[in-house]
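Structure record follows, encoded as structure tokens.
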Protein chains: 2
Amino acid sequence: MKEPNSPDSPLADLCRQRGLKLTGQRRTIAFVLSDSDDHPDVEELYRRAVEVDPRISIATVYRTVRLFEENGILQRRDFGGGRARYEVADGDHGDHYHLIDADTGKVIEFENAELDALLDGIVRQMGYDLVTTRLSVVGRRKAKPRSRG
Amino acid sequence: MKEPNSPDSPLADLCRQRGLKLTGQRRTIAFVLSDSDDHPDVEELYRRAVEVDPRISIATVYRTVRLFEENGILQRRDFGGGRARYEVADGDHGDHYHLIDADTGKVIEFENAELDALLDGIVRQMGYDLVTTRLSVVGRRKAKPRSRG
DNA sequence: TCTGATAATGAGAAAGATTATCATTTGCAA
DNA sequence: TTGCAAATGATAATCTTTCTCATTATCAGA
């Protein structure tokens, strides 16, 4: 059983800043999210939240994750596999993108300023302001050229 | 009731090329797909297929769409809204991408060679070969600056 | 600190999309 | 034309997510 208490997690603070009622469950979920640097689905978040508060309900995790998304705290991702996955939203700086290993399903994050700018320009030229970018590239590990075989 | 017969649709030919058994239902679905230039979901494909063959089952549409995807004939897309949407896969040339209107949900296709190249380069530099790109940008129509108002 | 209105939660039912089951039918190679 | 493996139709089952509603907790104000 971990310690979600005392100084609130960064996300819990964000939660308060947005004027959301800060319940025990939301504090727990915010803590779990602040503590994660991967892309958990709801089931996985629920598992982690239960470690902190065994009485939390999965319905609450679904609700909270949706609430956080609507408030720009979380971003929903689709990496295939039928369930939504979540990560903490980027700040005002640059977006980040995802490379998915075709064979293992492993998700690798990357940033690229040139890509940011290009996408922004393309969208603008089409008469739109860019709101969100959903980009994931699927790749297959290149066969390592062996050192002479 | 449309005419799916006689000269097979391009997709039906592709189907045969891949060594897939060409049943009446597959011929129908291939025809419907060849005839579509949008991004229908399964429900919509089913509606269109029923126009051609009223006895087709939605289960078959689901099955066929999956089969076609596994064989590189179709691509599955996620534009939000909870259901998968499909379109005929690109050839060997360039991928195409999607701009989604944040307010109307309208999907606008675009191509961009610079983007193709940049993504390819990024992925390569990370040690991978690019398999698929899933890119959709959400944008909001720019307010038209009125001609002096 | 206590109280009450209001909103959040828990548990499970319900909904929506997709896949599996299985008896029947069909495509196609021999 | 025949036979067999594979596909289909109808529907049940599954899986993820949302909804319902009785109970509980938060937080502003007294």
Side-chain angles (χ1 to χ4, degrees), chain A residues 4-5 8 11-13 15-32 39-47 49-71 73-86, chain B residues 4-5 8 11-32 39-47 49-50 52-71 73-86:
Chain A
N5 328 9
D8 274 337
L11 249 59
D13 287 336
C15 202
R16 212 178 337 229
Q17 275 172 44
R18 302 285 158 101
L20 302 175
K21 192 185 278 189
L22 193 50
T23 67
Q25 289 87 337
R26 290 184 186 169
R27 207 186 305 262
T28 295
I29 293 167
F31 167 78
V32 164
H39 310 80
D41 58 30
V42 169
E43 207 77 38
E44 178 60 30
L45 280 176
Y46 174 61
R47 254 176 254 125
V50 163
E51 295 283 308
V52 178
D53 171 8
R55 301 185 308 158
I56 206 167
S57 158
I58 193 165
T60 298
V61 180
Y62 270 104
R63 273 191 286 246
T64 303
V65 132
R66 185 150 56 114
L67 179 76
F68 282 5
E69 198 207 347
E70 286 164 354
N71 282 272
I73 296 172
L74 280 187
Q75 279 194 291
R76 190 204 311 234
R77 301 290 184 187
D78 168 46
F79 297 142
R83 39 231 280 180
R85 297 171 64 175
Y86 291 88
Chain B
N5 328 6
D8 274 338
L11 249 59
D13 288 335
L14 238 174
C15 203
R16 211 177 340 226
Q17 277 172 42
R18 304 283 159 102
L20 303 175
K21 191 186 281 190
L22 194 50
T23 66
Q25 290 86 337
R26 289 182 186 171
R27 206 187 305 264
T28 295
I29 293 166
F31 167 77
V32 164
H39 311 82
D41 57 32
V42 170
E43 207 78 37
E44 178 59 30
L45 280 177
Y46 173 62
R47 254 175 253 127
V50 163
V52 178
D53 171 7
R55 300 185 310 159
I56 206 167
S57 157
I58 193 164
T60 298
V61 180
Y62 269 105
R63 273 191 286 245
T64 303
V65 130
R66 186 150 54 117
L67 180 76
F68 283 5
E69 197 207 347
E70 285 164 355
N71 283 272
I73 295 172
L74 279 187
Q75 280 194 292
R76 191 203 310 233
R77 300 291 185 185
D78 168 46
F79 298 142
R83 39 231 280 178
R85 298 171 64 175
Y86 292 87

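Letters A, B, ... are given to chains in the order of the sequence lines, protein chains preceding strands, and every chain is numbered from 1.
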Partners meeting salt bridge (charged side-chain N to carboxylate O under 4.0 Å, His left out) with A:Arg83 (sequence neighbours left out): A:Asp41, A:Glu43
Sequence-distant partners of A:Gln75, side chain to side chain donor-acceptor pair (under 3.5 Å), two or more places apart: A:Arg77
Whole-Å distance separating the CD1 atom of B:Ile29 from the P atom of D:dA7: 13 Å
Nearest heavy-atom neighbours spanning A:Pro40 and A:Leu45: CG-CD2, 3.7 Å
Whole angstrom value for the distance that separates P of C:dT25 from CD1 of B:Ile56: 18 Å
Summary of protein contacts for nucleotides 12-19 of chain C, nucleotide by nucleotide, where a base hit scores B, a sugar-phosphate-only hit scores S (4.0 Å, heavy atoms): B----SBB
Touch class at under 4.0 angstrom, heavy-atom based, for B:Arg63 against every strand present: base
Quick test: give all pairs of protein nitrogen or oxygen and nucleotides 23-30 of chain D nitrogen or oxygen below 3.5 Å, distance rounded to 0.1 Å.
residue	atom	partner	partner atom	Å
D:dC27	OP1	A:Leu22	N	3.0

Set of salt bridge (charged side-chain N to carboxylate O under 4.0 Å, His left out) partners for A:Arg16, sequence neighbours left out: A:Asp8, A:Asp13
Validation row, ring centre B:Tyr86 to ring centre B:His39 under 6.0 Å: no
Throw together a table of side-chain donor-acceptor distances under 3.5 angstrom for residues 59-71 of chain B, partners on residues two or more places apart or in other chains.
residue	atom	partner	partner atom	Å
B:Thr64	OG1	B:Thr60	O	2.7
B:Glu69	OE1	B:Arg76	NE	3.4
B:Glu69	OE1	B:Arg76	NH2	3.0
B:Asn71	ND2	B:Leu67	O	2.9

A:Arg18: partners by side chain to side chain donor-acceptor pair (under 3.5 Å), with sequence neighbours left out: none
Overall bend - the helix from C:dT1-D:dA30 to C:dA30-D:dT1, comparing terminal axes fitted on five pairs, nearest 10 degrees: 30°
Side-chain (B:Arg26) to main-chain (B:Lys21) donor-acceptor, under 3.5 angstrom: yes
Heavy-atom pair of closest approach, residues A:Ala30 and A:Ala12: CB-N, 3.6 Å
B:Ala49 versus B:Thr28, closest heavy-atom pair with distance: O-CG2, 3.8 Å
Nucleotide D:dT18, atom C1' - distance to CD of A:Glu69 in whole Å: 14 Å
A:Asp53 CG to C:dA8 P, straight-line distance once rounded to whole Å: 17 Å
B:Val52 and B:Phe31, any side-chain heavy atoms less than 4.5 Å apart: yes
Nearest-angstrom distance from the residue atom CG of B:Asp78 to P of D:dT17: 12 Å
